[in-house]
Amino acid sequence: MPHSNQTIKPSNNPSWTVPSPEAWSAVAADIAPMLRPGSILALSGPLGAGKTTFVQALAAMLGASRNPKSPTFTMLRTYVVDYHGVTRLLHLDAYRIENEADLLPLDLDEELLESGTILIIEWPEKMPGWLAKHPHQTLEIKIDGEGRRAEIA
Ligand SMILES: Nc1ncnc2c1ncn2[C@@H]1O[C@H](COP(=O)(O)OP(=O)(O)O)[C@@H](O)[C@H]1O
Ligand SMILES: [Mg+2]
């Protein structure tokens with residue numbers, strides 16, 4: 001098999017203590033080498049866990065030059081990045097999805113076919129049907145006092 005779009009899964013479950021918003025950079029540095037074009041990473045964790053903060057740290061780690069200009073709320077953001085063949089980071093915030101049919105206009109399957117694309121999903125609980133059909137890894141984030149814990153589940 002010359003190519004696999006599946007995220008490289010380490011044999012143990014890596015976990016991190018993330019004491020501050022800035023500390024997500026170190027997590028992003030560890031996770032970036034696990035990603036391949038086509039990889040899908042689900043971020044689970046409650047409101048305020050740090051999911052969005054992690055996505056921004058990951059985008060920076062992958063070489064995004066700036067945050068994309070976009071309206072206050074867009075379900076799907078695109079970051080142009082440059083990291084070992086990964087050229088596009090799609091950031092889906094599924095919080096407002098009420099029905100998985102709401103995903104259809106986003107054309108996620110089509111978007112993932114574009115070369116170099118990875119997809120990071122906040123609120124994956126909103127789209128269990130879609131995720132069941134798409135190989136992915138999950139980063140579980142828990143609030144731990146003032147800081148956070150994160151683990152590849
Ligand atoms: N590791 C961390 N330790 C402490 N505070 C954090 C950490 N990560 C994020 N935060 C803070 O938590 C708040 C919510 O972060 P956010 O990324 O918006 O969470 P989510 O997207 O999961 O709702 C922000 O004020 C952010 O600065
Ligand atoms: Mg968020």
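Quick note: residue numbers are just sequence positions, from 1.
For the side chain to side chain contact (heavy atoms under 4.5 Å, CB included) test with R88, the passing option among L119, L112, T117 is T117; the others fail.
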Decide yes or no on side chain to side chain contact (heavy atoms under 4.5 Å, CB included) for L58 and I120, but give the supporting numbers first. CA-CA 10 Å; L58 183 65; I120 314 289; 3.7 Å; yes

Inset, instruction - Check the pair L103 / M127 against side chain to side chain contact (heavy atoms under 4.5 Å, CB included), numbers first and verdict last. - result: CA-CA 8 Å; L103 291 169; M127 43 193 290; 3.8 Å; yes

Run the side chain to side chain contact (heavy atoms under 4.5 Å, CB included) check on L92 and L108 step by step: do they pass? CA-CA 10 Å; L92 174 62; L108 290 178; 3.9 Å; yes

**Message:** With side chain to side chain contact (heavy atoms under 4.5 Å, CB included) as the criterion, how do I152 and W16 come out once you've worked through the C-alpha distance, each side chain's angles and the decisive distance to 0.1 Å?
**Reply:** CA-CA 9 Å; I152 302 270; W16 298 264; 3.8 Å; yes

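Heavy-atom minimum distance, R36 versus I118: O-CG2, 3.3 Å. The nearest pair of heavy atoms linking K126 to A94 is CG-O, 3.4 Å. Taking all atoms of both residues into account, the shortest heavy-atom contact from A57 to S25 is CB-N, 4.0 Å. Across G85 and P37, no two heavy atoms sit closer than the pair O-CG, 3.5 Å. Here the shortest heavy-atom pairing between Y79 and A64 reads CD2-CB, 4.1 Å. Minimum interatomic distance between M61 and A29 (heavy atoms only, all atoms of both residues): CE-CB, 3.7 Å.
Once rounded to the nearest 0.5 Å, the distance linking CG of L41 with CD of Q137 reads 8.0 Å. Put simply, CG on L76 and OG1 on T78 are 5.5 Å apart, with the number rounded to the nearest 0.5 Å. With rounding to the nearest 0.5 angstrom, the NE2 atom of H91 is 12.0 Å from the CE atom of M75. Atom CD1 of residue I40 and atom OG1 of residue T138 lie 10.5 Å apart, to the nearest 0.5 angstrom. Within the model, atoms CG of D93 and CH2 of W123 stand 8.5 Å from one another, a figure rounded to the nearest 0.5 Å. Here the straight-line distance linking atom CD1 of I121 with atom NE2 of H134 works out to 9.0 Å at 0.5 Å rounding.
Of the possible polar contacts, one joining the N99 side chain to the A101 backbone as a donor-acceptor pair under 3.5 Å is found. S20 places a side-chain N or O within donor-acceptor distance of the main-chain N or O of A23, the cut-off being under 3.5 Å.
Annotation: salt bridge (Lys or Arg N to Asp or Glu O under 4.0 Å) contacts involving residues 98-109, sequence neighbours excluded, are absent. The salt bridge (Lys or Arg N to Asp or Glu O under 4.0 Å) contacts involving residues 142-152 comprise E140-K142, where partners must be two or more places apart or lie in separate chains.
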Review item, side-chain donor-acceptor pairs of residues 47-55, under 3.5 Å, at least two apart:
residue	atom	partner	partner atom	Å
K51	NZ	G45	O	3.0
K51	NZ	P46	O	2.9
T52	OG1	E122	OE1	3.0
T52	OG1	E122	OE2	2.7

